[in-house]
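First the structure, in the form of C-alpha cells, and then the observations on it.
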Number of protein chains: 2
Amino acid sequence: MKTRSRKKEIIDVASQLFKEKGYNAVSMRDIAQEMGIKAASLYNHITGKQEILSTIILDVAQKFTNGMNKVMMEKSSSILKIQKIIELHIGITINYSEGMATLNNDWMHLNDTDRKEFIKMREEYEESFRQIIKQGIKDQEIQARHPEVILFSILSTLRTLYLWYQKRGKLDANILKKDMVEVFLNGIVKNN
Amino acid sequence: MKTRSRKKEIIDVASQLFKEKGYNAVSMRDIAQEMGIKAASLYNHITGKQEILSTIILDVAQKFTNGMNKVMMEKSSSILKIQKIIELHIGITINYSEGMATLNNDWMHLNDTDRKEFIKMREEYEESFRQIIKQGIKDQEIQARHPEVILFSILSTLRTLYLWYQKRGKLDANILKKDMVEVFLNGIVKNN
DNA sequence: GTCTATAGGATGATAGAC
DNA sequence: GTCTATCATCCTATAGAC
C-alpha cells in the first residue's frame, strides 16, 4: 500500500478528533500528539488549523454536490431520484463519517470565504431536493403534503446517519438502504 | 412581569450563544458582554462555565424523560403513543430550542458525572421508544421492519427539529405536527 | 521534516475594593 | 452585585537550529 501523504494524515487524524470533540475542543497539540510529533511540525504541511477544517468540510460538501448533480441529470421518476439520494448519503456516510460529523457540527467555524461557499452549496443541494419533491407531487407520485416537511424529515435523518452508523455499524449498507427507503416511501403503519 | 433571577438570565444568554457557536467557542467574557457586565461578576451567581452547560442540558433532558414517562403510562395504541412523542418533541423544541441545540451538540463537554447521567437518561428514553415500536409490530399496527431503522429515522428528525423550526418558524405547530405524523406513519408515496 | 523556544493573545477563574 | 487587577494556563503560530 502506498503511504499517505503527511498532509492527508493530518486531515484524517483531525477528522477523527473533530468528530469526537468538535473543532474548538481539539488543539493543534492534540492532533500532533496523536501523530507522534510536535504541534509546530504540523505547519510544515498545512497553513493553519482553519485549512484543516476547510479541507474536511468542503471535500465532503463537494461529494454531495457532485452526487446530486448526477441524480438531477437522470430521466427517472421523482421516487427513484429520492432513492438515489438516500443511496448517495449512505455511501458518503460509510466512507467519510468523520467528515460528515464535522460538516454538520462545525461548518459555522469556517472562515468567511469558505463559510459562504459552503452555505451556497448546501442551499443549492436543498433546492435540488425540493424541486424533486415538488415535481413528484405534480406528477402525482408523491402525496400532496407540505414539501418542506417531507424535505426536512428525510434530510435530517440522512444528515445524522453517521451518528447511527457508528453504533449499529455492522448492518449491511444494502439492508439499511432498503429499510430506510421503505420507511420514508411507505411509512410505518400496517394496512394503510 | 416578574424580573428573572440573574442566574436564569445567565443561562438564557448562554443558551443563545451556545446554540450559535457551540460551548467551546463562547467565552465567559462573551456571555458577560451580552449582559452588559464583566466576566468576573458572573461568578457571583454561578460556580463556573460547566455549571451553565449542565443546567441547560439536564433541564431539557429531564423534560424529555418526564414526557416519555407520561406517554409510557398511557393505555393507548403504539401508533397513538408515537404521535404523542412527536407532539412532545415539537412542544419542547418550540419552547426550548436553544437548549435542544446545546443538548444535541455539546453534551460531550459535560463533566464526567453529568455526562454519565445524561447518557443514562438518553439511553432510557431511546429504550422506551424502542419498546413502543416493538409492541406496535407485535400488535400488527406497525410494519415488521427493523425497529432500529424506524427508531432512528423518527428520532433523528425530531432531534434536529430546532434547526428547521428557526428557519420556517412561523408554521403553526399543529400543522407541523399533522404533516410530520402523516409523513412518518403513511410515508410519502401516493397510491400505495 | 522535526525539533526547541517563544511570541502574542485569549481563557477560566480568584482576590479584594467599593 | 459589580468592579479592577491579576494569575496561571492554554492556544495558534512563527523563527531558527539541526
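Below, chain A is the first sequence line, B the second, and so on; all start at residue 1.
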Over how many whole Å does the gap from [X] atom [atom1] to [N] atom [atom2] extend?
X: B:Ile46; N: C:dA13; atom1: CD1; atom2: P; result: 8 Å
X: B:Lys38; N: C:dA13; atom1: NZ; atom2: P; result: 18 Å
X: A:Leu42; N: C:dT4; atom1: CG; atom2: C1'; result: 15 Å
X: B:Gln33; N: C:dG12; atom1: CD; atom2: P; result: 13 Å
X: B:His45; N: C:dT14; atom1: NE2; atom2: P; result: 15 Å
X: B:His109; N: C:dT11; atom1: NE2; atom2: P; result: 16 Å

Pick from A:Asp106, A:Asn104, A:Asn105: which one makes a side chain to side chain contact (heavy atoms under 4.5 Å, CB included) with B:Asn105?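 The side chain to side chain contact (heavy atoms under 4.5 Å, CB included) with B:Asn105 is passed solely by A:Asn105 among A:Asp106, A:Asn104, A:Asn105.
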N-O pairing of A:Glu182 and B:Arg145 below 4.0 Å: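 Yes.
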Looking at A:Lys120 and A:Glu126, is any side-chain nitrogen of the basic one under 4.0 Å from a carboxylate oxygen of the acidic one?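 Answer for the salt bridge query: no.
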Answer with yes or no whether the hydrophobic clustering places B:Ile119 together with B:Leu53; edges join I, L, V, M, F, W, Y residues whose side-chain heavy atoms lie under 4.5 Å apart.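 Yes, one cluster joins them.
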Taking a hydrophobic cluster as the set of Ile, Leu, Val, Met, Phe, Trp and Tyr residues connected by side-chain heavy atoms closer than 4.5 Å, whether directly or through intermediates, do A:Leu80 and A:Leu88 fall within one such cluster?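 No, no single cluster joins them.
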With respect to the phosphate group of D:dG1, does any side-chain polar atom (N or O) of B:Ser41 fall under 4.0 Å of OP1 or OP2?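 No, outside the criterion.
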Pairs in or reaching into residues 62-88 of chain A: which pass ring-ring contact (aromatic ring centres under 6.0 Å, His included), with residues at least two apart or in two chains?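 Residue pairs passing ring-ring contact (aromatic ring centres under 6.0 Å, His included), neighbours aside: A:Phe64-A:His89, A:Phe64-A:Tyr125.
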Pairs under 3.5 Å (N/O, protein and nucleotides 10-14 of chain D):
residue : atom : partner : partner atom : Å
D:dT12  : OP1  : A:Lys49 : NZ           : 3.0
D:dT12  : OP2  : A:Met28 : N            : 2.8
D:dA13  : OP2  : A:Tyr43 : OH           : 3.0
D:dA13  : OP2  : A:Lys49 : N            : 2.8

